[in-house]
There are 2 protein chains.
Amino acid sequence: MDKKYTIKDIAKLAGVSKGTVDRVLHKRGKVSPLALEKVNEVLKVIDYEPNLIARNLKNNKIYRICIVLPDPKIDPYWLPCLNGIDDARQEFKAYNLVIETFYFNPEKKKSFLKTNETVLGLSPDAVLLAPLFHKETVDVIEEYHSLNIIVNTFNNQVESSFVQCFVGQDLFRSGRIAAKLLDSITDKGQIAIVHIDETYKNAIHMQEKERGFRNYFEEKENSEYTITTLKLKNPNVEISFNNFLNENPDVSGIFITTSKAYQIAKIISAFKHKKIRVVGYDLVDENVSYLNQGVIDFMIHQNQKRQAYLGITSLVEYFLFHKEIPEMILLPIDIVNAENAEYYIE
Amino acid sequence: MDKKYTIKDIAKLAGVSKGTVDRVLHKRGKVSPLALEKVNEVLKVIDYEPNLIARNLKNNKIYRICIVLPDPKIDPYWLPCLNGIDDARQEFKAYNLVIETFYFNPEKKKSFLKTNETVLGLSPDAVLLAPLFHKETVDVIEEYHSLNIIVNTFNNQVESSFVQCFVGQDLFRSGRIAAKLLDSITDKGQIAIVHIDETYKNAIHMQEKERGFRNYFEEKENSEYTITTLKLKNPNVEISFNNFLNENPDVSGIFITTSKAYQIAKIISAFKHKKIRVVGYDLVDENVSYLNQGVIDFMIHQNQKRQAYLGITSLVEYFLFHKEIPEMILLPIDIVNAENAEYYIE
DNA sequence: ATAAAAAATGTGCTCGAACACATATTAAAA
DNA sequence: TTTTAATATGTGTTCGAGCACATTTTTTAT
């Protein structure tokens, strides 16, 4: 009853040859109305699922997927992505896939352009892109598109109709979550939103998080907080923030919009006056350390590993199994405290 | 350079036939020392990965996997599992797999035994089991084992050497997480651990969570809490708990060890005296509703969907791709508040 | 009516691993 | 040395989809 029908079965049932069935299934034409009718009749009754194994055995084209992302040696934020890429590579190693990683220097537009130039030269079937530089990205994507190379982006969103799929998180919502967390662990007083080393390339990220954060408190009636935004730049973070704390003794909560919560945590742990609550992003070692010490209360996990993983697998499954690529994959926004952190560290 | 070698390639390189290579690779014997040497020499140099697609095309055995779990109509806790099962079914629908679901009445041992009897009669290749009744489970697993049927368990752990893999969460740790959460949102006072409708079949679950919960506060120095355990049974939950609240005005936090936090939330939302913090389990509709109302503060997500999914996929990948089945798959323990709940509801 | 062109249909090979079976080689027995 | 047994090696088929090519049928033109 659960028997899998083959093209041969259909051919026999319809009284035609497998070639005809094949033509009907693939709408290749050259089929008489009568034969078409007969085959469709059979297809209506049975539930035909092509055997993907056989299909892939035949179609042994080598698909090449290139991943373009910032060098994790320069910005360790991207390090978990490598594990996600490895996972995907491992999972599909039986297939004819070449999955290659290409780094660029996240501080240099030129490096970004050059890396993409290299990738373009390889004419891969698809590219998974971490689009840091807005204008350059749009141009690059257009180039890929003109060569019929599919482009997925991850981590950062960029509005281009040539992007097949974006994998990432809803940053606005992520800001709201941070707000809710701080709200639940502090009473009243001043809350500081801290942007560290804001640059053109991550500004949108931070602003979106801030928007969500403020939105939460705006929606909440009779909220007893005042909210201040601070933009700090290394190497002056320590001095500036210390000054801020001294000038604002009523600070009860801090929301850091980047991976650099540990810088603030360091200052706070020295600042013994009162308990200040901290919420930040990303499970980099330093953050986890302060999380375990109780200086940071909650972290929000951006799940870069899974972003990279899903960015690749959606492409692979499209090539191999003809699965549709979704327009957007929004990952859950994981809340992490000292007790469940180990599950998310990767 | 990334070329995939085939058996034919090896044969040519070694100067033997593909039959001989096959015998060497599968250690089927009937190979002369000389030929063995020649083939091994080649294998040492190149990196041969058998093409799993071709292998599976040939070995087109139909694998049958049965999932045995409580009827979700009786206990909706199990409802998300169906989605996980469907996901797995969908993902592998191209392969020769029969994935069938069998329900039993979670309140009746007899039903459990009967369902397993039915499954045994089908002699599947593997079974994914939700082992509610301890003794009976051990016996059933032994029966499966004697028929060479692989058994994975999920949700509940049962110590039997015949279980290939357990998929679930670390309940002790989950208790600790709940403790940490309550600790971070309450100051001092009394904390109540509430077990609702504790029965033999879920007692271990609850106790393990309680152990973890208490362990957290034991480790913490100068904790200003007193912790009380309450065992409530329907239909007396409302009366008993109301009495408890009235007799203990210093209650500041509640940890409910089952999916029934909504019952407690209902009572609390009527009890206006002071803010009491609540942490519970599972994203059933009623709980989510109280989470959104702000009566429940945090939920812990047990991820039944993914438990079922991974329980199946580990089996499928073993059969299809000869992947090793891990002894244990521990899922992350997700912390959920009103803002990120939507991502986990399934 | 017949040839030529067009359309429809069927056949056969490929992909790589696995294994049955046929053939070749070597070793042991007569 | 020849026969027989044992062992080693090679060949060919299978799985299902896909596609090139061969063959058949139908249509159009002469």
Side-chain angles (χ1 to χ4, degrees), chain A residues 2-43 46-63 92-97 319-323, chain B residues 2-40 42-43 46-63 92-97 319-322:
Chain A
D2 263 312
K3 157 137 182 60
K4 281 257 154 52
Y5 289 94
T6 71
I7 283 189
K8 235 163 99 185
D9 294 328
I10 299 172
K12 194 181 287 175
L13 286 167
V16 297
S17 74
K18 69 196 182 90
T20 303
V21 176
D22 179 69
R23 278 181 286 267
V24 172
L25 286 172
H26 293 86
K27 303 199 173 72
R28 282 198 239 278
K30 313 214 166 183
V31 176
S32 68
L34 178 69
L36 182 71
E37 169 73 11
K38 284 194 289 185
V39 173
N40 278 332
E41 211 59 43
V42 174
L43 286 176
I46 67 152
D47 177 35
Y48 173 70
E49 283 285 348
N51 184 325
L52 301 184
I53 302 173
R55 174 184 289 171
N56 273 303
L57 180 60
K58 184 65 193 4
N59 265 18
N60 60 343
K61 164 167 166 48
I62 297 178
Y63 292 99
F92 295 107
K93 72 156 179 263
Y95 299 85
N96 281 319
L97 290 173
F319 289 130
L320 257 37
F321 309 129
H322 296 196
K323 275 198 192 159
Chain B
D2 262 313
K3 158 137 182 60
K4 283 251 164 47
Y5 287 95
T6 71
I7 284 189
K8 233 162 103 187
D9 294 328
I10 299 172
K12 194 180 286 174
L13 286 167
V16 297
S17 74
K18 68 197 180 92
T20 302
V21 175
D22 178 70
R23 277 181 287 268
V24 172
L25 286 172
H26 292 85
K27 302 200 174 73
R28 282 197 239 278
K30 313 214 169 184
V31 176
S32 69
L34 178 69
L36 183 71
E37 169 71 10
K38 285 195 289 187
V39 173
N40 277 331
V42 174
L43 287 176
I46 66 149
D47 177 35
Y48 174 68
E49 284 280 352
N51 184 324
L52 300 184
I53 302 171
R55 176 183 286 171
N56 270 304
L57 180 59
K58 185 66 191 14
N59 269 14
N60 63 340
K61 166 170 165 44
I62 297 176
Y63 292 98
F92 296 108
K93 70 158 178 259
Y95 299 84
N96 280 318
L97 289 173
F319 289 130
L320 257 38
F321 309 127
H322 296 197

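Here is how names work: the chains are called A, B, and so on, in the same order as the sequence lines, proteins then strands, and each is numbered from 1. The structure displayed is predicted, hence computed values, not measured ones.
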Within this structure, what is the NZ-to-P distance between B:Lys30 and C:dC21, rounded to whole angstrom?
13 Å

I want to verify a distance call: between C:dG16, D:dA8, D:dA17, whose nearest atom is closest to the B:Ser32 side chain?
D:dA8

Earlier contact from the 5' end, DNA chain C, for A:Ala54 and B:Leu25
A:Ala54

Using a heavy-atom cut-off of under 4.0 Å over every strand shown, decide if A:Asn51 touches base, sugar-phosphate, or nothing.
sugar-phosphate

How close or far is atom C1' of D:dT9 from atom CZ of B:Arg28, stated in whole angstroms?
15 Å

Nearest-Å distance, CG (B:Leu36) to C1' (D:dT7)?
15 Å

Rounded interatomic separation in angstrom, taking NZ from B:Lys8 and C1' from D:dT11
13 Å

Taking only the side-chain nitrogens and oxygens of B:Tyr48, find out if one of them lies under 4.0 Å from OP1 or OP2 of C:dA17.
yes

So, the side chain of B:Lys61 versus the backbone of B:Asn96: is there a donor-acceptor pair under 3.5 Å, distance only?
no

Is it true that a side-chain atom of B:Asp9 and a backbone atom of B:Thr6 form a donor plus acceptor pair closer than 3.5 Å?
yes

From NZ of B:Lys12 across to C1' of C:dA17 the rounded distance in Å is 17 Å

Which of these nucleotides, D:dG16, C:dA17, D:dG18, is closest to any side-chain atom of B:Leu57?
D:dG16

When you measure from the side-chain N and O atoms of A:Tyr95 to the phosphate of C:dG16, is any distance below 4.0 Å, counting only OP1 and OP2?
no

Is there, by distance only and without an angle test, a donor paired with an acceptor across the side chain of A:Arg23 and the base of C:dG10 below 3.5 Å?
yes

Pairwise distance CG(B:Leu57) to CG(A:Leu57) - rounded to 0.5 angstrom
5.5 Å

CG/A:Asn56 to CG/A:Asn51 distance, rounded to the nearest 0.5 angstrom?
9.5 Å

By the 4.0 Å heavy-atom rule, please label A:Ile7 as base, sugar-phosphate, or nothing.
sugar-phosphate

Can you tell me the distance, in whole Å, between the NZ atom of B:Lys4 and the P atom of C:dC15?
16 Å

Between C:dA7 atom C1' and A:Leu34 atom CG, what is the distance in whole Å?
14 Å

Does the side chain of B:Thr6 get closer than 4.0 angstrom to OP1 or OP2 of C:dG16 through an N or O atom?
no

Can you establish whether the number of heavy atoms outside A:Lys323 located under 6.0 Å from its atom NZ is more than 12?
yes

Is a donor-acceptor pair below 3.5 Å formed from side chain A:Lys18 to base C:dG12, judging by atom type as modelled?
yes

Between D:dT9, D:dA17, C:dA18, which nucleotide has the shortest distance from any of its atoms to the side chain of B:Asn59?
C:dA18

Taking for each residue the nucleotide of DNA chain D bearing the nearest heavy atom, is the 5' side occupied by B:Gly19 or by B:Gly29?
B:Gly29

The side chain of B:Thr20 lies closest to which of these nucleotides: C:dT9, D:dT9, D:dA17?
D:dT9

Rounding to a whole Å, what distance do you find between A:Asn96:CG and C:dA17:P?
11 Å

Identify which nucleotide among C:dT11, D:dC15, D:dG18 has an atom closest to any side-chain atom of B:Lys58, counting heavy atoms from C-beta outward.
D:dC15

Rounded to the nearest 0.5 Å, the NZ atom of A:Lys58 sits from the CD1 atom of B:Ile53 at a distance of 13.5 Å

Looking only at side-chain N and O atoms, does A:Arg55 come under 4.0 Å of OP1 or OP2 in D:dG16?
no

